[in-house]
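Report on the structure given below.
Just so we're on the same page: letters track the sequence lines, and every chain starts at 1.
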Protein chains: 2
Amino acid sequence: MPIDRELMKGSLDVLLLALLENGPMYGYQIVKEVRSRSEGLLDLKEGTLYPALHRLEKAGWIEGFWQARADGADRRYYRLTARGVAAAQQKRAEWRQLVAAMEGILR
Amino acid sequence: MPIDRELMKGSLDVLLLALLENGPMYGYQIVKEVRSRSEGLLDLKEGTLYPALHRLEKAGWIEGFWQARADGADRRYYRLTARGVAAAQQKRAEWRQLVAAMEGILR
DNA sequence: CTCATATACTTTGTATAACAAGGTATGAGT
DNA sequence: ACTCATACCTTGTTATACAAAGTATATGAG
């Protein structure tokens, strides 16, 4: 049973920035990585991910670059920019604040 | 600095159901309660709350009832229905699953 | 050889949520 | 009188996650 779609809203940016802190990744890899790391709980859809990546790129937090391959289609990797590194930290902190505030009420 | 609006999405239902587990509350009271309990971090707007309450009522999770007052305007209290009690537990569990899954990636 | 599947990126349209901004009305304090 | 806090509500805007579809290549099953 996947998580309600509305719950995910807003969490995606934090999630993507945090993932890319560990180094560049390409879209399809992110989809599978999130799915496996969350044991299927977070089932990120491609129609969600790719627009999100473009959004983050437009915001100047990540930048994409094509990596050619002999076999299969080329991959578009994304890495954090300098501003992206700062945004990742800021947004992670904000996320944790939300969780703390929520827990204060859910307790 | 309040939390980014998009981060809140989906969290509101969980929050409201959890609050009403402690007994009936009226709208304006909820606004102030959330604000104070989260130390201003969660600044719930009335334009957000009232539609949300109507939505939860329509879903059959809460029910509203007017409480007349001699002084001041009448208050519309909301209480959990039987189905609402179940929904509150289910949604709290879902929220905690999301937090756990996110932490697995943010760590 | 053909077909299905997995990989890999993309776009269009839909549902819905949070909010800004406004409205209505009452009672208390200055 | 006027402002403020209380108390409820609605309309319009913006943004997001997703379904559904499309494009293209490589691989394996039949």
Between [N] atom [atom2] and [X] atom [atom1], what is the distance in whole Å?
| X | N | atom1 | atom2 | answer |
| --- | --- | --- | --- | --- |
| A:L41 | D:dA17 | CG | P | 16 Å |
| A:M25 | C:dA8 | CE | P | 11 Å |
| A:L7 | D:dT16 | CG | C1' | 14 Å |
| A:Y28 | C:dT10 | OH | C1' | 14 Å |
| A:I30 | D:dA17 | CD1 | C1' | 16 Å |
| B:L44 | C:dA17 | CG | P | 14 Å |
| A:Q29 | C:dA6 | CD | C1' | 16 Å |
| B:D4 | C:dA18 | CG | C1' | 10 Å |

Salt bridge between [X] and [Y], side-chain N to carboxylate O under 4.0 Å?
| X | Y | result |
| --- | --- | --- |
| B:E33 | B:R37 | yes |
| A:D43 | A:R35 | yes |
| B:R76 | B:E57 | yes |

Selection from [options] that lies nearest to any side-chain heavy atom of [X]:
| X | options | value |
| --- | --- | --- |
| A:R55 | C:dA18, D:dT16, D:dA7 | D:dT16 |
| B:T48 | C:dA8, C:dC19, C:dT10 | C:dC19 |
| B:L12 | C:dT10, C:dA18, C:dA8 | C:dA18 |
| A:K9 | C:dA17, D:dC8, D:dA17 | D:dA17 |

Any [X] side-chain nitrogen or oxygen under 4.0 Å from OP1 or OP2 of [N]:
| X | N | value |
| --- | --- | --- |
| A:Y50 | C:dT10 | no |
| A:K32 | C:dA8 | yes |
| A:R75 | C:dA8 | yes |

Plane angle bin for A:Y78 and A:H54 - parallel if under 30°, tilted between 30 and 60°, otherwise perpendicular: tilted
B:E46 (side chain) and C:dC19 (base): donor-acceptor pair under 3.5 Å: no
Comparing B:A70 and A:R5 on DNA chain C - which has the more 5′ nearest nucleotide: A:R5
Partner of A:E21 under salt bridge (Lys or Arg N to Asp or Glu O under 4.0 Å), chosen from A:K91, A:R79, A:R92: A:R92
Sugar-phosphate only, base, or nothing, as touched by A:G27 at under 4.0 Å among non-hydrogen atoms: sugar-phosphate
Touch class at under 4.0 angstrom, heavy-atom based, for A:K45 against every strand present: sugar-phosphate
